[in-house]
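Notes follow the structure.
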Amino acid sequence: MSVSFGGLLESTATFKTAASITAGKLVKMSANGTVAACSDGDKFCGYVVSDDGSHAAVQVRGVVTVPYTGTAPSVGFASLVSDGTGVKASNSGREHLVISVDSTGSKVTFLI
């Protein structure tokens, strides 16, 4: 048996988009029922699973794997913010449960 976190507590919701966003990116709330791409230092609310230009399916709960920059987050609870592409460790971020860190590939797996 191997380790798997796929589908754990996963919830996805559909939001309007403030501008074109890309699947695989983190987003923040920008207006009622609307999300926008995160900039460096933003706290994020979800991970874009798919988008059609005006709406996006956003994973708001569950396990995601994204790239990280800077110092690798530690396994366990870590404060994370967007770096504009993926995440980075930050004292001002929200705490997330980090379950795996791939320091070779610079990717982190955590509960959103």
Report task. Using the ring-ring contact (aromatic ring centres under 6.0 Å, His included) rule, collect all pairs that involve residues 76-104, keeping only residues at least two apart or in two chains. Result ->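 Matches after skipping sequence neighbours: Phe44-His96, His96-Phe110.
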**Prompt:** Would you say the side chain of Met29 lies within less than 4.5 Å of the side chain of Val35, judging by non-hydrogen atoms?
**Reply:**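 They are in side-chain contact.
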- Val63 versus Ile99: any side-chain heavy-atom pair under 4.5 Å?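 Yes; the side chains approach each other to less than 4.5 Å.
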Linked, directly or transitively: [X] and [Y] (ILVMFWY side chains, under 4.5 Å):
X	Y	answer
Val64	Val48	no
Leu111	Val87	no
Ile21	Val49	no

Check residues 102-109 and write down every donor-acceptor pair under 3.5 Å in which the side-chain atom is one partner and the other belongs to a residue at least two apart or another chain.
from   : atom 1 : to     : atom 2 : distance (Å)
Asp102 : OD1    : Thr104 : N      : 3.1
Asp102 : OD1    : Gly105 : N      : 2.8
Thr109 : OG1    : Thr65  : OG1    : 2.7

Which atom of [X] lies closest to which atom of [Y], heavy atoms considered:
X	Y	result
Val27	Cys38	C-SG, 3.4 Å
Pro73	Val98	CB-CG2, 4.4 Å
Ala89	Thr71	CB-O, 4.3 Å
Phe15	Thr34	CD2-N, 4.3 Å

Summary of side chain to side chain donor-acceptor pair (under 3.5 Å) pairs that have at least one residue in residues 41-64, sequence neighbours excluded: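 Checked against side chain to side chain donor-acceptor pair (under 3.5 Å) - neighbours excluded - the pairs reaching residues 41-64 are Lys28-Asp42, Asp52-Ser54.
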side-chain contact (heavy atoms from CB on, under 4.5 Å) evaluation trace for Thr85 with Lys25: CA-CA 7 Å; Thr85 302; Lys25 300 294 183 182; 3.6 Å; yes
Which value, rounded to the nearest 0.5 Å, describes the distance between [X] atom [atom1] and [Y] atom [atom2]?
X	Y	atom1	atom2	result
Cys45	Leu26	SG	CG	9.0 Å
Ser82	Asp40	OG	CG	7.0 Å
Leu97	Ile112	CG	CD1	13.0 Å

Open item on the list: Please enumerate all residues that pass side-chain hydrogen bond (donor to acceptor under 3.5 Å, both in side chains) together with Thr22, with sequence neighbours excluded.
Closed with: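 Once residues adjacent in sequence are excluded, Thr22 has no partner under the side-chain hydrogen bond (donor to acceptor under 3.5 Å, both in side chains) criterion.
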query = Quick one: hydrophobic cluster around Val81, which other residues, with the 4.5 Å side-chain cut-off, linked directly or via members?
reply =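 None, because no other hydrophobic side chain comes under 4.5 Å of this residue.
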Quiz prompt | Modelled atom types, side-chain donor and acceptor of Ser79 and Asn91, under 3.5 Å | solution =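 Short answer, no.
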Practice task
Applying side chain to side chain contact (heavy atoms under 4.5 Å, CB included), name anything that partners Ala72, two or more places apart in sequence or on another chain.
Solution key: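 Ala72: side chain to side chain contact (heavy atoms under 4.5 Å, CB included) contacts with Tyr68, Val101.
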